Amino acid sequence: MKLSQNHRCAIKRILFIFFTFLFLLAMTSSIFSCNSGNSGNGNNNSNNQTGDNSASGAAQPDSASTTEEPHTYPQLDGGGADFKIFTPINTWFYYTAIDHEQMTGDALDDAVYNRNRAVEAQFNINIKEVDPASNDMWNFNPEVKKVILAGDDTYDAIFVPASFNGTIGSMITANMFYDLRQIPTINLSGDWWNQTMLKQAAIGTGDKIFYLGSGIDLMELQAVSCVYFNQDMMTNLGLDLPYNLVRQGKWTYDAFQTYMKAGTNLNGATNFTWDQSGTAVYGLTSYEDSSTALLAGSGEQFITADADGKPVLAIGGERFMNALTKIKTILNTQNGNFLYANDSDNIFHYEPIFKSGRALMCIGELKSADVFRDMNATFGVVPIPKYDETQAGYYSHLINQTPVLVIPVTNPRTDLTGAVLDAMAYVSNRDVTPVLFDVSVSQKQLRNDDSVEMLQLMKNSASFEIGAAYGWTNTLYDKLRTTIGEGKDLDIAAEIDKDSGQITANIQKTLDQFQQ
């Protein structure tokens with residue numbers, strides 16, 4: 001039976017009342033539990049990017065459910081219309097679904113489903129995920145450009161890969177997206193938006209913001225780089241699990257390297273040359289992004305903003321050079337401490353190597369947890385280490401292909417769009433992200449609360465290289481990634497000297513386009 005428009009609207013309002021009741025019930029329960037058992041869990045936010053709560057960078061367990069005020073939604077009515085979100089799919093086994101037509105019984109699918117139905121009921125809309133004509137992410141950015149340049153107003157919002165066969169920066173300078181600061185229904189200060197990414201996104205554009213990070217598209221959360229470790233192996237080696245080092249602000253390059261060396265073991269083999277049927281155990285295994293992930297963990301950036309907000313080249317400074325030199329030492333393949341493994345055969349690849357117990361640790365994205373959930377040993381997750389203990393907090397790396405949220409200039413209803421997206425980000429942060437983190441690190445029917453805490457620490461400290469998003473630093477970035485990240489030698493100073501002039505010229509070209 002086909003429902004009339006009035007019937008559909010009535011159902012949406014009933015659903016909204018139902019979800020609101022559940023939320024208020026959950027809030028009441030949280031308040032009582034907070035009053036009875038969490039009196040010492042204050043809200044002492046510092047100014048560092050990671051949301052740490054002390055100068056040492058100690059992590060604090062997520063307490064949003066016990067301190068957060070109920071969200072206030074604008075009174076806007078979408079008239080029962082479709083709200084279309086254009087997004088890339090089928091991307092390297094990431095979770096990219098924005099919507100599901102029905103509940104599936106999967107915890108994450110159902111959390112996404114319930115989020116959307118609640119937001120639909122609030123604004124009287126129908127959220128629709130629109131997939132590209134080609135499932136190949138490589139073609140997505142060109143397709144976005146084609147749609148917007150044609151004046152097509154089909155899409156209310158789009159998730160655009162930051163840098164993949166075209167950069168988000170080139171689309172920004174071509175005036176394809178709205179300045180999100182001009183849309184009052186988006187609360188940019190809300191912690192449901194990635195504040196680290198938001199701060200970096202403004203580089204080169206003054207106060208303008210053209211893209212945002214959030215948990216609406218879970219690929220962004222799954223694309224954060226983590227250090228996985230084999231808990232059973234660490235225990236057998238007499239090593240303390242590194243969770244407390246993270247909390248104490250002592251999870252550094254040096255500590256990381258100490259753990260790597262402790263895990264390296266010939267174990268009866270004659271050398272550390274990889275042998276699928278061999279016995280050697282490596283301290284760390286990973287792929288190319290290990291180098292850029294470690295550099296991001298130091299807080300060093302290729303591009304920073306000067307006092308006037310203008311982007312400037314930051315490479316070549318003493319700390320930047322020291323961090324890269326240390327990373328070269330960490331990713332040395334000559335002594336068995338590090339094994340670069342990234343063949344597509346699913347044999348000589350960092351994920352199955354770590355899963356089989358042939359490496360103590362692994363650097364990979366959060367999505368790798370899907371591969372590790374059924375491994376025989378128990379695994380844990382901690383952030384990328386800091387450069388040293390004087391560093392205020394932890395910083396996390398996102399791959400450059402991470403999809404970020406934009407509103408195309410062809411959208412004729414920006415106030416409603418802003419309100420819907422703000423609500424989706426808010427509910428995602430409250431209801432979906434905790435499920436993703438729980439599912440990711442639950443193993444053998446047990447929930448790894450320590451690792452969930454670590455993921456909460458990483459969530460809002462994650463960003464990608466801004467120079468790559470604008471296409472400024474791609475040559476140098478890729479050189480560092482595919483040499484140091486593969487355990488090869490590189491004359492860092494020479495490469496920086498060779499590329500600095502071109503990078504500066506690239507920045508100026510972008511700034512000139514903004515001023516046109």
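All of these numbers come straight from a predicted model, not from anything done at the bench.
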Quiz item: Ignoring hydrogens and geometry, is there a side-chain-to-backbone donor-acceptor pair from T196 to A462 under 3.5 Å?
Solution: no

Quiz item: CD1/I407 to OH/Y178 distance, rounded to the nearest 0.5 angstrom?
Solution: 8.5 Å

Quiz item: Residues in side-chain contact (heavy atoms from CB on, under 4.5 Å) with T167, at least two apart?
Solution: S163, S170

Self-check item: Those residues that, when tested against T292, pass side-chain hydrogen bond (donor to acceptor under 3.5 Å, both in side chains) (two or more places apart)
Solution: none

Quiz item: Is there a donor-acceptor pair under 3.5 Å between the side chain of K328 and the backbone N or O of L490?
Solution: yes

Self-check item: Pairing residues for K488 by the salt bridge (charged side-chain N to carboxylate O under 4.0 Å, His left out) criterion, not counting sequence neighbours
Solution: E486

Quiz item: Does T378 have any side-chain contact (heavy atoms from CB on, under 4.5 Å) partners at least two apart in sequence or in another chain, and if so, which?
Solution: Q231, D232, Q443, K444

Quiz prompt | salt bridge (Lys or Arg N to Asp or Glu O under 4.0 Å) pairs, two or more places apart, involving residues 492-506 | solution = K479-E495, E495-K498

Quiz item: How would you list all residue pairs meeting salt bridge (Lys or Arg N to Asp or Glu O under 4.0 Å) that involve residues 331-356, not counting sequence neighbours?
Solution: K355-D374

Practice problem: State which residues pass side-chain hydrogen bond (donor to acceptor under 3.5 Å, both in side chains) with D306; sequence neighbours excluded, sorted by chain then number. | Solution: none

Practice problem: Could you list the residues that satisfy side-chain contact (heavy atoms from CB on, under 4.5 Å) with S442, not counting sequence neighbours? | Solution: D438, R447

Practice problem: Apply ring pair (Phe, Tyr, Trp, His ring centres under 6.0 Å) to Y259 and list each qualifying residue two or more places apart in sequence or on a separate chain. | Solution: W251

Self-check item: With T285 via side-chain contact (heavy atoms from CB on, under 4.5 Å) - residues at least two apart
Solution: L339, A341, Y350, I353, F354, A359, C362

Exercise. Sort and list the pairs that fulfil ring pair (Phe, Tyr, Trp, His ring centres under 6.0 Å) and have at least one residue in residues 225-250, not counting sequence neighbours.
Key: Y228-F372, Y228-F379, F229-Y243

Quiz item: Is a side-chain N or O of Q195 found less than 3.5 angstrom from the main chain of L188, in a donor-acceptor match?
Solution: yes

Quiz item: Which salt bridge (Lys or Arg N to Asp or Glu O under 4.0 Å) pairs, counting each pair once, include a residue from residues 312-323, with sequence neighbours left out?
Solution: E300-R319

